[in-house]
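Here is the structure we will look at.
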Protein chains: 2
Amino acid sequence: MEEQLSDRGKRILEAVIEDYIQTAEPVGSRTITRSHALALSPATVRNVMSDLEEMGLLTSPHTSAGRIPTDKAYRLYVNSILEARQNLTAGKRDEIRRRCRMAGKDPAEVLKEASRLLSSTSSYMGVVIAPRMAANVFHQMEFVKLSSHRILAILVSQNGTVQNRLLEIDEEIAQEDLVRMANYLNGMLQGLTIGQVRERLLAELQSEKVQYDSLMKKALALSEQTIRTDSAEIFLEGQANILEQPEFADAAKMREIFRAFEKKSTLLDLLDRSMLAEGVQIFIGAESPLLKMEGMSLVTSTYLTGKDTVGVLGVIGPTRMGYGRVIPIVDYTAKLISRMLEGE
Amino acid sequence: MEEQLSDRGKRILEAVIEDYIQTAEPVGSRTITRSHALALSPATVRNVMSDLEEMGLLTSPHTSAGRIPTDKAYRLYVNSILEARQNLTAGKRDEIRRRCRMAGKDPAEVLKEASRLLSSTSSYMGVVIAPRMAANVFHQMEFVKLSSHRILAILVSQNGTVQNRLLEIDEEIAQEDLVRMANYLNGMLQGLTIGQVRERLLAELQSEKVQYDSLMKKALALSEQTIRTDSAEIFLEGQANILEQPEFADAAKMREIFRAFEKKSTLLDLLDRSMLAEGVQIFIGAESPLLKMEGMSLVTSTYLTGKDTVGVLGVIGPTRMGYGRVIPIVDYTAKLISRMLEGE
DNA sequence: ATTAGCACTCAAAAACTCAGAGTGCTAACG
DNA sequence: CGTTAGCACTCTGAGTTTTTGAGTGCTAAT
């Protein structure tokens, strides 16, 4: 049905995309023959472009304007980039590395810095989601008595992530009982993932023998409360960057976008699904059906913080994004973060 | 030098301000006579307005437009509001209370929710800064061994705030030593504020007797590392709200504002100074010289989380802000938060 | 002291013009 | 037959002019 894309067609399409990425203006046949050294006349280019339009790769906003690549065209373009991946310049690489180092060792700090980094090196928005707590490996639990009715529960995972929660209790528990409870739990839960820990706790709560030991019952109940919420943290930086993009100069569009990002949950859903596949993934425009991200694209990569606990990070920008530049940045950052968090 | 403000002048000024707050358009003499039931003709009003302009309370953007209140006028207006403070409607109050409850007990959660709350009830931006850690009262310290070279230090304050830090160490320390170290420190630091703790630790590190006890020396060093960074947390919500304001429809202005808020440090400086005075404070336009907040105002109030550890919360919006509505919101929220955090 | 009346001002909106970039088609060319 | 020059046609955006209407300031009357 659809005509096959000729080699020349491909080159011209590429030229259109690259020009458009730079200027954000519809590009015409003339411009292309000038900037890209194709030994062709504008008229020929016009014919080809007309074909490309037929194939659904270009559109023109109106009869006498240049042409704009469609999502489909970007998809094609991105795929060809992904095959022939460029490397980062040594300079960029160093900068990224240096800034990551600066952040210290605390996982949360590293991830936040990564997000800033992605945003500033790409000049779009950087986003990082911390791995779900559930995938972390349990290390230790502590109960700290703050006052007669308030206990602070602290949950430490092997990778240094800490989750804490303030618990209100009805009847006072002695500090030494708290310590015993913690010991008991720590013994029982050693080496499980937090997800497994939760299951285990629930199972244990049901079991016969616990029913008669009120202290242990309390211990289980408390720790279950502590672990209950597993809200993935999300770091979104550089929102101001996208104000720079001419396609969002319109205030109404801006507003919509900002509103969309205010509820982080939608963003989370979107990123969650890229967790399934490994490596760099790209969502172009309407390909990500969740968010009606008109004119927005997303470049993500997974990263590892342990054996197989994964998070996702990436860059969000206009569909008209410098993919060639952004992809290596995301890729490299993901690998670097993996190394920083996982290693030692 | 300056003529005194007549009672009628005051009423008219108020009318201008209130109209302008609603419409964001320069208001003319005609409009005023219609909307506010003053038994005066436009011509009279014009005369009065002319006087007000003389006194520096109004300006007109150009000869044949209506008039706009100056910062000075807002100041006057706000002061009069502050004197005759209205109360919140019961409905609003309930809503605020309900949402605060929802947030649970964790201080960080409460503050974050408060910020959201301020933003959504005021329809401007909500901002809350958490009290400096330094002002909190020390409660307990723990060292958790993660691997041979990594220790997680956890610092708990009396109010349930937790600060943790990943430390890298050169030589392994046995878990039981860590416990002993913690016990020693907890004994020594009981009841001090975090600020005092820090001083004490530094002093102790210098002291003679410690030099010979390598374990204690290590303990002090580690805990000093833990406590070193005291970055006040800041919760800023509802940035999208201010996109709604017509005065920022212009993309360039928007950008500037967002950039300004991206560096939270300037905002922090600004809020820090309102920590000095108690209760509701208002900064109008250029009155806050730090940020060149053109056209922005800030309504803040201090809140307490303990005896005398204070934080600041407030609302940031356009100078043309519904002060009458916002002030009680900020006031009430601050009091409520105080009660929630301090009480128990 | 207030107000009606009136001439005057000015910005924003609407209407208009025009140049330029771009297209599509046709006919010529190698 | 693919490529290209030429040309008529289209449409936008920028710049100009016109129009409108809200608003002022002044003066004279009440």
Side-chain angles (χ1 to χ4, degrees), chain A residues 3-13 15-17 19-20 22-70 246-247 249-251, chain B residues 3-13 15-17 19-20 22-70 246-247 249-251:
Chain A
E3 238 190 299
Q4 194 46 43
L5 192 55
S6 75
D7 196 55
R8 189 174 66 180
K10 211 166 160 184
R11 277 228 305 286
I12 289 182
L13 179 60
V16 173
I17 295 177
D19 261 38
Y20 186 65
Q22 278 221 324
T23 62
E25 300 278 310
V27 344
S29 51
R30 196 74 182 281
T31 329
I32 286 192
T33 55
R34 259 191 309 235
S35 55
H36 300 258
L38 305 171
L40 292 173
S41 76
T44 315
V45 172
R46 272 205 292 281
N47 289 331
V48 179
M49 280 167 95
S50 182
D51 294 347
L52 291 173
E53 184 160 8
E54 197 93 359
M55 295 162 72
L57 294 169
L58 294 178
T59 27
S60 40
H62 56 86
T63 38
S64 81
R67 288 187 169 88
I68 290 181
T70 63
E247 46 260 76
D250 176 27
Chain B
E3 234 187 303
Q4 194 47 41
L5 191 56
S6 75
D7 195 54
R8 190 174 66 179
K10 210 166 161 186
R11 275 229 305 289
I12 288 182
L13 180 59
V16 172
I17 293 177
D19 260 37
Y20 185 66
Q22 276 222 325
T23 63
E25 300 278 311
V27 343
S29 51
R30 194 77 179 281
T31 328
I32 286 191
T33 54
R34 258 191 310 235
S35 55
H36 300 257
L38 306 170
L40 292 172
S41 77
T44 317
V45 173
R46 273 206 290 282
N47 290 331
V48 178
M49 281 166 96
S50 182
D51 294 347
L52 291 173
E53 185 159 8
E54 198 92 0
M55 295 161 76
L57 293 169
L58 294 178
T59 30
S60 40
H62 54 88
T63 37
S64 81
R67 289 187 167 88
I68 290 180
T70 62
E247 45 260 76
D250 178 27

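Proteins come first, then strands; the chains are lettered A, B, ... in the order of their sequence lines, and each starts at number 1. Just so it is clear, the structure is predicted and the values come from calculations on it, not from any experiment.
The shortest heavy-atom contact between A:D19 and A:H36 is OD1-NE2, 3.0 Å. Nearest heavy atoms, A:P42 versus A:T33: N-CG2, 3.7 Å.
Atom CZ in B:R46 sits roughly 14 Å away from atom P in D:dT27 (whole-Å rounding). For the pair B:Y20 OH and D:dA22 C1', the interatomic distance rounds to 16 Å; values are reported in whole Å. Computed from coordinates, the B:D19 CG to D:dA22 C1' distance equals 15 Å when rounded to whole Å.
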Base contacts versus sugar-phosphate-only contacts with protein, heavy atoms under 4.0 Å: please encode nucleotides 9-20 of chain D as B, S and - from 5' to 3'. -BBS--------
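Residues that satisfy the side-chain hydrogen bond (donor to acceptor under 3.5 Å, both in side chains) test with A:T23, not counting sequence neighbours, are absent from this structure. Remark: A:T70 pairs with no residue by the side-chain hydrogen bond (donor to acceptor under 3.5 Å, both in side chains) rule, at least two apart or across chains. Residues forming a salt bridge (charged side-chain N to carboxylate O under 4.0 Å, His left out) with A:E25 (at least two apart in sequence, or on another chain): none. For the salt bridge (charged side-chain N to carboxylate O under 4.0 Å, His left out) test, residues two or more places apart in sequence or in another chain that qualify with B:R11 are B:D7.
Using a 4.0 Å heavy-atom distance criterion, A:S29 is classed as a sugar-phosphate-only contact. Heavy atoms of A:T31 sit under 4.0 angstrom from primed sugar atoms or phosphate atoms, though from no base atom.
Toward the 5′ end of DNA chain C lies the nearest nucleotide of B:A39, the other residue of the pair A:G66 and B:A39 mapping further downstream.
Of all nucleotides in DNA chain C, those with any atom nearer than 4.0 Å to a heavy atom of chain B start and finish, going 5' to 3', at C:dT2 to C:dA11.
The environment of B:E247 atom CD is dense: over 12 non-hydrogen atoms of other residues, nucleotides or ligands sit within 6.0 angstrom. A:E53 CD: more than 12 foreign heavy atoms inside a 6.0 Å radius.
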